2 protein chains.
Amino acid sequence: MVTVYDVANRAGVSIATVSRALNDRSRISAETRRRVIEIAHELGYEPNDVARSLVGKSTQTIALLLPDITNPYFPELVKGVQTITDQRGHLLLLCHNADDEEKALQDLVTLRRKQVDGVILVAGALSGERFAEAAAGLPVVVMDREIALPHTALVAVDHRDGARKATEYLLSLGHRRIAHVTGPPQLSVTAARRAGWEDALRAAGFPPDERLIVPGNFLEDGGWTAGRELLAREIDFSAVFTANDLTAIGLLAMFTEHGIPVPQQVSVVGFDGIHLAAYTSPTLTTVAQPIFALGQRAADLLLDQLEAAEAETAEPPSPTVHLLDTTLVVRDSTARPGSAEVAHD
Amino acid sequence: MVTVYDVANRAGVSIATVSRALNDRSRISAETRRRVIEIAHELGYEPNDVARSLVGKSTQTIALLLPDITNPYFPELVKGVQTITDQRGHLLLLCHNADDEEKALQDLVTLRRKQVDGVILVAGALSGERFAEAAAGLPVVVMDREIALPHTALVAVDHRDGARKATEYLLSLGHRRIAHVTGPPQLSVTAARRAGWEDALRAAGFPPDERLIVPGNFLEDGGWTAGRELLAREIDFSAVFTANDLTAIGLLAMFTEHGIPVPQQVSVVGFDGIHLAAYTSPTLTTVAQPIFALGQRAADLLLDQLEAAEAETAEPPSPTVHLLDTTLVVRDSTARPGSAEVAHD
DNA sequence: CTGAAAGCGCTTACAG
DNA sequence: CTGAAAGCGCTTACAG
């Protein structure tokens, strides 16, 4: 490995000069810089960033903690984050925690030891107190958590409002018996989306019926099972609002397999707006989150925060809440109840 | 920030002793260790891993370079990799390159400066020579590339063989006019999968018809467009083998929209075996790769290689090729040609 | 078992 | 504009 010493020796200058020539920092003669750079190149010199980090205090690395990259929502989010980190010269560490609080907490201490500059935390199931302790001293941007923690920016979508819009749309179509397949019980977004469904129902004068609520798990198999459960209960329903798109996809598969035509017999609305929702059969009506933009925003906020800290502005930027808008995307999985025509044959 | 000096002062020992107590390295008295550990805990001491890396030569970090996390194949792969890195105490950096060779090359130099211990490279479109130069001195495991580079392990699936199996299955069902939607032209797997399709056709005595080949892009929209193109050509075909599952999903959506029943009028087979393939309508017959296991294997190989290097065994482990098996998963998107019965209504 | 010293590869005041 | 020195926070021979 060739170091600044090698370059300095060969160039007949001090290592300080080499450092200056390479980093464009302080004043240095054009000629010296040129020679140093040339020699560095000749020697195949490559700076050692860990040494640089040790003195410079920054690793130019941030981490993204999320529950499960396998849900198509997250890759899109990761991509949003990554476009920004690439653009602003940072590297991205990825950590999975499968909604396991212990694992997330443990990752946080590992990351701090690694001296990451900051963390984006998709805080599905984390409890506030323990998290606040584990993240102490680490710049953090939280995603999808209802309540922002002290000194922590939050970026999210208004899940409750989105769920309300979905349900209102079904109501506007004439549906009265609207079932809901929930997400995993421990997640805050599960509660928010369910609350939005209830809001719309109540506002329309139809108090939510407990029997229309079926548990899901944000995965296809949960949607499948929920559909079976719904049929087994032998209750009346003409529409289903599922807590996310993957659940809707499982539900659609189950309905197809049981010969229940969507949307003729039952309408289905999802949540998230993953790319795949445009390619199901029928295509899926859903509450679309600006997933990519959420990722970008979170990364930008974190990096802004780091720059502000470095610039030592008077005060650290006050924690802010960034709520992006959802959009109801209407496709072919929804129709007026009891519509007789069959679409695809 | 509290350092070893603070702990040493408070404990009345040298920093060397603190280091020993905390790292369980050489001999140290049980009592001293206990006290040091206790004090470190009291003080809230957390080791600085970048300092440790600077002397220790290892960052306990590896990187995964891939084209596009948004294709569901990759999250599954990432998860496989991550289970191993978690288990073996490494952190994972993620880098996207959108099959852009320049970006990948640039990431490689950034990563080397960062002193990552090694790299897993999904080498879709990278050319051998430039890559070999950029990766010089960096332990690498390559995925999905046909030819292994010197001193580089390769883990992959036999794409050509998998494609052959898919096509042979369609032939065994009685199909004769089997179309193929390809992947992006620059990828080696695109060529391999197409070659497997041709192999099977030739072996069965049906020389591949150029008009049955339609370009795709590994995404849903490419499958959709390819389907339209296929219909526009007004040629005879009773089955389609698509280069990957996402393409098949797009094709399925297109067929559904145009009232073409699958598998009654045309059978469809995908490639990859992503989770979603079990939830399409109809469910998708596909050549399943052991995606999770591929990720695990790649990570294990890389980490084994690093350990071997550290243990300074006589020779570096010779580059090896690890081919995992594909499985043809038969679902509802395939049937004998011209089968009259309609499945779901 | 323990400490003093050197060193990992850099950057950054401090002088000149 | 340039160099000598200190220091970032640790680990690891080398002595004792």
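Just so it is clear, the values below take in all heavy atoms, side chains as well, and ignore hydrogens, waters and symmetry mates. Since we're looking at a predicted model, the values are computed, not measured. Chain A is the first sequence line, chain B the second, and so forth, proteins listed ahead of strands; every chain is numbered from 1.
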When you measure from the side-chain N and O atoms of B:Tyr5 to the phosphate of D:dG7, is any distance below 4.0 Å, counting only OP1 and OP2?
no
Just to verify, which of B:Val36, B:Ile37, B:Leu43 counts as forming a side-chain contact (heavy atoms from CB on, under 4.5 Å) with B:Ile39?
B:Leu43
What is the minimum heavy-atom distance between B:Thr32 and B:Ser29, and which atoms define it?
OG1-OG, 2.5 Å
What integer distance in Å separates A:Arg112:CZ from D:dG9:P?
16 Å
Does the distance from a Lys or Arg side-chain N to an Asp or Glu carboxylate O, for B:Glu38 and B:Arg35, drop under 4.0 Å?
no
Any A:Ser14 side-chain nitrogen or oxygen under 4.0 Å from OP1 or OP2 of D:dG3:
yes
Under 4.0 Å, heavy atoms only, any strand: does B:Val18 hit a base, just the sugar-phosphate, or nothing?
nothing
Would you say B:Thr17 places a side-chain N or O within less than 4.0 Å of OP1 or OP2 belonging to C:dG3?
yes
Do the side chains of A:Asp49 and B:Lys114 get close enough for a salt bridge, i.e. N-O under 4.0 angstrom?
yes
Sidechain N-carboxylate O distance under 4.0 Å for B:Arg88, B:Asp304:
yes
Using whole Å, what does the distance between atom P of nucleotide D:dC8 and atom CZ of A:Arg113 come to?
21 Å
Please examine the side chains of B:Val157 and B:Asp144, heavy atoms only from C-beta on, and report whether any two atoms are closer than 4.5 Å.
no
Among D:dG9, D:dT12, C:dT12, which nucleotide has an atom closest to any side-chain atom of B:Met1?
D:dG9
A:Ser29 vs D:dC1: side-chain N/O to OP1/OP2 distance below 4.0 Å:
no
When the distance from CD1 of B:Ile28 to P of C:dC1 is rounded to whole Å, what number comes out?
9 Å
A:Asn23 side-chain N/O to C:dT11 phosphate OP1/OP2 under 4.0 Å
yes
Verdict with supporting geometry, A:Leu93 and A:Leu91, side-chain contact (heavy atoms from CB on, under 4.5 Å):
CA-CA 7 Å; A:Leu93 282 162; A:Leu91 251 24; over 6 Å; no
When all nucleic acid strands are considered with a 4.0 Å heavy-atom cut-off, which category describes A:Val50: base, sugar-phosphate, or nothing?
nothing
Between B:Val4 and A:Ile15, who's closer to the 5' end of DNA chain D by nearest nucleotide?
A:Ile15
Return the polar atom pairs (N/O with N/O) between nucleotides 13-16 of chain C and the protein under 3.5 Å, or none.
residue : atom : partner : partner atom : Å
C:dA13  : N6   : A:Arg20 : NH2          : 3.1

Should stems be defined as at least three consecutive Watson-Crick or G-U pairs with both distances under 3.5 angstrom, which of them involve DNA chain D?
C:1-3 with D:14-16, C:5-12 with D:5-12, C:14-16 with D:1-3
Look at the side-chain N and O atoms of A:Thr32 and state whether any lies under 4.0 Å from the OP1 or OP2 oxygen of D:dT2.
yes
Here the distance between atom C1' of D:dG9 and atom NZ of A:Lys114, to the nearest Å, is 15 Å
Can you measure A:Tyr45 atom OH to C:dG9 atom P for me and round it to whole angstrom units?
10 Å
What closest approach, in Å, do B:Val140 and B:Ala135 show between heavy atoms, and which atom pair accounts for it?
CG2-CB, 4.0 Å
Atom CG of A:Leu54 to atom C1' of D:dG7: distance rounded to whole Å?
9 Å
Could you pull out every donor-acceptor pair under 3.5 Å between side chains of residues 73-81 of chain A and any protein atom, sequence neighbours left out?
residue : atom : partner  : partner atom : Å
A:Tyr73 : OH   : A:Gln289 : OE1          : 3.3
A:Lys79 : NZ   : B:Asp68  : OD1          : 3.2

Starting from P on C:dC8, measure out to CG on A:Asn48 and report it in whole angstrom.
12 Å
Decide, yes or no, whether a salt bridge links A:Asp6 with A:Arg10 under the criterion of side-chain N to carboxylate O below 4.0 Å.
no
In whole Å, what is the span from the CG atom of A:Asn9 to the C1' atom of C:dC10?
15 Å
